[in-house]
Structures are given as C-alpha cells and as structure tokens.
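Note: hydrogens, waters and symmetry copies are ignored here, and every other heavy atom, side chains too, is used.
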Amino acid sequence: MSDVKKAIELAKKNNAVMVDLRFCDLPGVWQHTTVPAARLDEGAFEDGFGFDGSSIRGFQPINASDMLLLPDAKTAQMDPFTEQPTIVLICDVVDPITREPYSRNPRYIAQKAESYLRQTGIGDTAYFGPEAEFFVFDDVKFEVANNGGFYELDSIEAAWNTGRHEGPNLGHKIGYKGGYFPCAPNDTLMDWRTETSRMLTAVGIEVELHHHEVATAGQCEIDMRFQSLTHMADQLLWFKNVVKNSARMAGKTATFMPKPLYGDNGSGMHVHQSIWREGKPLFAGDRYAGMSEMALHYIGGILKHAPALCALTNPTVNSYRRLVPGYEAPVNLAYSSRNRSASIRIPMYSTSPKAKRIEVRFPDPSTNPYIAFAAMLMAGLDGIQNKIDPGDPLDKDIYSLSPEELKNVPHVPGSLSEALTALEHDYEFLLKGDVFTRDVIEEWVSYKRAKEVDPIRLRPTPLEFMMYYDV
C-alpha cells in the first residue's frame with residue numbers, strides 16, 4: 001500500500017473529523033491550518049492546500065503571498081490532544097505557479113542537506129539525536145510596557161518555596177542545581193514525564209529514557225532514539241508540541257526557553273551525530289577514543305565554523321544568558337572523550353562501532369531543528385572534505401583551567417549579535433549543494449537583528465533600575 005493510501009486509511013480507521021496541516025516558520029515554530037477530513041483524498045497530496053505566506057514569519061512579501069502546502073503522507077499521525085479525532089500531516093511548502101519547493105522552507109533545507117550528503121559520496125545517512133531539555137512550571141507571569149515590565153515564574157518543587165504557605169508546606173524542595181536524579185517526593189514530575197512519554201510513543205517517537213534535570217524548578221529531559229536528519233527534525237517539533245500540550249493538560253506550563261532562571265542551570269540541547277553508508281557506521285576507527293579519521297575531521301569542521309553555527313543553533317538573545325564562560329554551559333571550543341565540560345564530547349557508553357558518534361553540546365532547544373541540524377552537517381562535511389584538523393583533545397576539566405591555560409582555547413560568541421556577525425563572515429560552507437541560499441542567510445540575519453536583537457537592546461530591565469536609578 002502506498003504512503004498516501006496508508007495516510008487516508010489511518011484517517012478512516014480513526015474516524016478522523018479534521019486534517020491538521022503543519023509546517024515550520026523560519027524561526028522554528030510549528031504553524032497549522034485545518035481542513036475537513038472529507039477533503040483528504042489522493043488528489044490532495046498532489047494539488048495541495050493554499051495559504052497566505054506573507055503572514056508567516058520569515059516567508060513571503062505581501063505582493064507574492066500565495067503559497068501551497070503539500071502534505072507528506074509518510075508523516076501521518078493522529079493528534080493525541082484534540083477533542084475531535086484529527087489526523088496530522090507535516091507539509092512541504094511550494095510555489096503555486098512553478099510548483100518548485102520554497103527555498104525558505106526550513107524542512108526543504110534539511111532535505112537538501114541529506115541529498116547533498118549522498119551527492120558527496122561520503123555517506124548516505126546522517127543520524128541525529130537531540131537531548132532537548134525544558135522547564136515545567138506551575139505558574140508564569142510576564143508583561144512588557146513602555147513604562148515597566150516584569151516576569152515571575154513558580155514551581156512547587158523550587159528551593160525558593162521552602163517558606164511558602166502551602167497549607168501545609170511538606171518540604172522536599174529541590175535545591176539550586178540539585179535537580180539531577182532525585183527520587184520522589186522531591187521529583188514531583190515522574191508520573192507526568194511517564195504520561196508524556198506514552199503520548200510521544202503514540203505519535204511514533206521512540207522514547208529511550210526520562211529524568212529530572214539539574215535546575216531546582218521542574219527542569220526535565222525526555223530522550224528520543226536517534227533518527228535520520230529530516231525525520232528527527234520532524235520528531236523534535238512533535239516532541240515540543242506534545243510536551244507543551246501535555247503540561248497544559250496537567251495544569252502546568254512547559255518552556256524550551258534556554259535560560260528562564262537566574263542563578264541555576266539553563267536548558268541545552270546536546271546533539272548526537274554520526275554518518276553512515278550502506279548500513280555501516282563511518283565514525284568508528286582506530287584514532288582517538290576509537291573514532292575514525294573522518295569523525296575527527298567532522299569535529300574539526302564543527303569547531304572551525306562554531307561561531308557562525310551559533311547564530312543558527314543558539315538563535316535567541318536568551319541563548320547567550322546560558323552561554324556564559326565559567327558557568328554550566330560548555331562555551332569553550334574543544335573536544336574530548338567523556339569530558340562534559342568540552343563543547344564536543346565523544347560518548348564512551350559503548351564500544352560498539354554502531355554507537356560511535358559525536359555530541360555537540362553548545363546548541364539549545366530554541367533553535368529551528370531543520371536549520372540547525374542541516375548547518376551542523378554542512379560544517380562537519382566541510383571538515384571532512386578539507387581534512388580540517390581539530391587539534392589535540394582537551395581532557396582536563398575546562399572549568400578548572402587557569403586563565404593562562406584557557407587563553408588559546410577559542411570560545412563561542414558572547415551574544416546573538418556577535419554570532420550573527422560571525423555568520424555574515426562565514427557562510428560559504430552552507431551554500432554548497434544549494435543547501436542554504438544567500439537569501440535564506442540574509443533573511444535569517446535581518447529577521448533576528450530587527451525582531452529580537454534590537455527590541456531587547458532598546459529596553460531597560462528591572463536589574464538596571466536596581467543598579468543605576470540613583471546614579
């Protein structure tokens with residue numbers, strides 16, 4: 001049975017009332033439009049569904065707004081949250097006149113990256129395994145106005161609530177930086193993570209494990225089994241959707257914002273990566289930590305292009321509240337086996353060649369996964385093609401090194417503005433195979449500067465009043 005027939009059959013089997021058509025805007029957030037299930041026939045997968053591209057962030061100007069969504073039948077899943085049975089289809093975006101794929105569609109960029117890998121002959125599959133950390137809060141309030149602004153977060157688990165009147169307060173709060181692996185009653189989210197894992201399984205995502213993370217207030221991690229690049233980017237958007245909706249159903253709220261709390265750990269997204277050809281892993285070998293020369297060159301490419309990559313893998317102003325030297329995030333551009341203070345780690349859990357991979361540790365979950373995964377693959381391939389030497393590994397605890405020892409270790413940019421400048425000076429590697437286009441890079445930089453960097457740069461914060469009101 002063809003994928004199209006399977007998708008239609010899935011809708012009929014589950015008595016679907018509606019079809020939810022989903023696609024990703026340039027910054028990386030799912031958008032959707034919904035049509036009656038009666039419109040889901042074989043022709044719908046060829047004819048597509050029209051929408052206004054000028055209303056989508058980073059897409060079309062208003063004078064060329066008409067666009068088409070083409071459902072990808074292989075992505076069909078039933079939505080676990082809608083009251084009426086609804087089938088979800090992830091869509092590709094095409095021009096309604098030329099029927100050509102839309103160059104700013106992030107999913108198309110990921111597909112082109114996979115195609116380019118095959119064209120190089122280096123490999124035929126790039127596997128990605130992100131560990132997207134997130135926070136689950138019980139309450140969130142924020143407001144921004146011309147004459148003021150505030151935010152306030154709360155969690156029943158948080159250390160700041162040891163003295164709160166809870167009628168009664170039963171204690172068992174998690175200390176600052178004390179959230180890694182405590183059992184209940186401190187970890188209040190065990191059952192919620194299990195239920196969320198069941199929902200992820202229901203939409204086709206294989207869950208490997210879940211646990212509480214380091215921060216005091218509801219920081220969690222649910223790990224997915226690795227998949228090929230585009231497939232994993234699809235899954236990560238499903239993952240974020242399920243986590244947010246599952247939290248809402250439980251009367252809580254989830255966020256993938258990298259640094260919502262001051263003085264405690266932020267949320268990163270360590271990304272495991274490897275290249276295979278004809279079912280065989282190519283990163284296993286007899287070099288450092290059991291890696292192949294190809295894997296070390298891949299690391300060299302990531303390290304060389306890391307400042308530019310950060311504009312895509314750490315794409316928010318808030319990302320750089322986490323990437324601060326001397327704190328928990330690995331900001332120094334070095335690689336090592338096992339050492340979690342390096343920005344690239346070689347996991348040593350298994351000696352199996354199939355388990356050989358690298359783990360890039362500086363990205364965070366605010367990124368657009370299609371763009372971030374594609375960009376990291378392109379940087380790694382550039383390293384392989386140009387035999388970029390990653391230098392010697394750094395197996396010491398980087399956080400304990402003296403300033404003298406650290407002076408020759410490069411580090412990630414200190415702000416989104418710096419990262420965007422790095423991208424403007426280093427993007428040729430992304431253009432190979434027409435994977436990224438200059439138009440996409442220019443739109444990304446322009447959007448980020450105008451919509452994120454400048455608005456935050458122009459606004460005072462409460463801390464500034466504390467520090468400067470009496471000057």
Side-chain angles (χ1 to χ4, degrees), residues 20 22-32 57-58 72 74-77 79-81 88-93 105-114 125-136 193 196-210 213 219-247 254-258 266-274 309 312-316 319 322 357-378:
D20 207 41
R22 297 187 185 173
F23 64 102
C24 186
D25 66 10
L26 193 64
V29 177
W30 249 357
Q31 310 295 310
H32 78 135
R57 298 184 300 172
D72 182 344
K74 296 188 297 295
T75 67
Q77 295 285 353
D79 193 315
F81 299 105
V88 176
L89 288 161
I90 299 174
C91 298
D92 292 312
V93 183
N105 175 24
R107 194 168 192 258
Y108 181 46
I109 293 171
Q111 292 165 339
K112 287 191 291 181
E114 291 186 295
T125 308
Y127 286 115
F128 281 75
E131 301 173 5
E133 298 168 345
F134 56 92
F135 281 87
V136 177
R193 290 194 305 270
T196 303
S197 297
R198 291 180 59 194
M199 292 179 178
L200 290 167
T201 301
V203 297
I205 295 175
E206 185 176 349
V207 173
E208 292 192 322
L209 58 88
H210 69 69
E213 260 296 342
Q219 191 182 32
C220 294
E221 182 175 311
I222 302 175
D223 286 348
M224 303 173 280
R225 183 170 175 78
F226 65 88
Q227 297 290 349
S228 57
L229 191 156
T230 302
H231 187 181
M232 179 50 80
D234 288 343
Q235 281 199 176
L236 186 54
L237 291 184
W238 255 121
F239 178 88
K240 294 174 82 168
N241 179 269
V242 169
V243 165
K244 290 177 181 179
N245 280 287
S246 176
T255 179
F256 290 86
M257 182 179 177
S267 290
M269 186 179 73
H270 307 151
V271 184
H272 298 255
Q273 304 168 42
S274 63
L309 287 176
L312 305 171
T313 61
N314 303 80
T316 68
S319 297
R322 168 180 169 263
R357 62 197 188 274
I358 72 163
E359 177 190 11
V360 182
R361 294 175 61 80
F362 55 81
D364 69 55
S366 68
T367 190
N368 183 324
Y370 298 110
I371 288 175
F373 297 167
M376 285 187 281
L377 176 62
M378 296 301 290

Say you draw a straight line from CD1 of I371 to OG1 of T313; how long is it, rounded to the nearest 0.5 Å? 11.5 Å

So do I222 and F134 actually touch side chain to side chain, heavy atoms under 4.5 Å? yes

Provide the closest heavy-atom pair for P315 versus D364 in the form atom of the first, atom of the second, distance. CD-OD1, 4.2 Å

Taking atom NE2 of H210 as the centre, report whether more than 12 heavy atoms of other residues, nucleotides or ligands fall under 6.0 Å from it. yes

Reported CG-to-CG distance for the pair L236 and N368, which is rounded to 0.5 angstrom: 9.5 Å

Evaluation steps, side chain to side chain contact (heavy atoms under 4.5 Å, CB included), between N245 and M199: CA-CA 10 Å; N245 280 287; M199 292 179 178; over 6 Å; no

For the pair D79 and R22, evaluate salt bridge (charged side-chain N to carboxylate O under 4.0 Å, His left out) and give the outcome as yes or no after the intermediate values. CA-CA 12 Å; D79 193 315; R22 297 187 185 173; 2.5 Å; yes

Quick check for you: to the nearest 0.5 Å, what is the distance between Q235 atom CD and I205 atom CD1? 4.5 Å

Do M269 and P369 come within less than 4.5 Å of each other through their side chains, counting heavy atoms only? no

Test log, rule side chain to side chain contact (heavy atoms under 4.5 Å, CB included), inputs V242 and F81: CA-CA 8 Å; V242 169; F81 299 105; 4.0 Å; yes

Heavy atoms of N105 and D92 approach each other most closely as ND2-CA, 4.0 Å

Rounded to the nearest 0.5 Å, the CE atom of M232 sits from the OH atom of Y370 at a distance of 12.0 Å

Looking at every non-hydrogen atom in both residues, tell me the closest pair between W238 and Q77 and how far apart they are. CZ2-CB, 3.9 Å

Stepwise, does the side chain to side chain contact (heavy atoms under 4.5 Å, CB included) test hold for F239 with M224? CA-CA 9 Å; F239 178 88; M224 303 173 280; 3.8 Å; yes

Could you point out which residue of Q219, E221, E133, R322 forms a side-chain hydrogen bond (donor to acceptor under 3.5 Å, both in side chains) with S267? Q219

Pair H272, E131: side-chain N/O donor-acceptor within cut-off below 3.5 Å: yes

In Å and rounded to the nearest 0.5 Å, what is the CD1 to CG distance from I109 to L26? 7.0 Å

Plane angle bin for F128 and F373 - parallel if under 30°, tilted between 30 and 60°, otherwise perpendicular: parallel

Which heavy atom in K244 sits nearest to a heavy atom in A254, and how many Å separate them? CG-O, 4.0 Å

For the side chain of D25 and the backbone of Q31, is there at least one donor-acceptor N/O pair under 3.5 Å apart? no

Count the heavy atoms of every other residue, nucleotide or ligand shown that sit under 6.0 Å from CZ of R57, and state whether that count exceeds 12. yes

Inter-residue atom distance D20.CG - W30.CH2, 0.5 Å rounding: 8.5 Å

Answer yes or no: is there a side-chain heavy-atom contact under 4.5 Å between R107 and T230? yes

In terms of heavy-atom contacts, A110 and A374 come closest through CA-CB, 4.2 Å

Is there side-chain contact between P258 and N314, with at least one heavy-atom pair below 4.5 Å? no

Please give me the minimum heavy-atom distance between A375 and L309, naming the atom from each residue. O-CD2, 3.5 Å

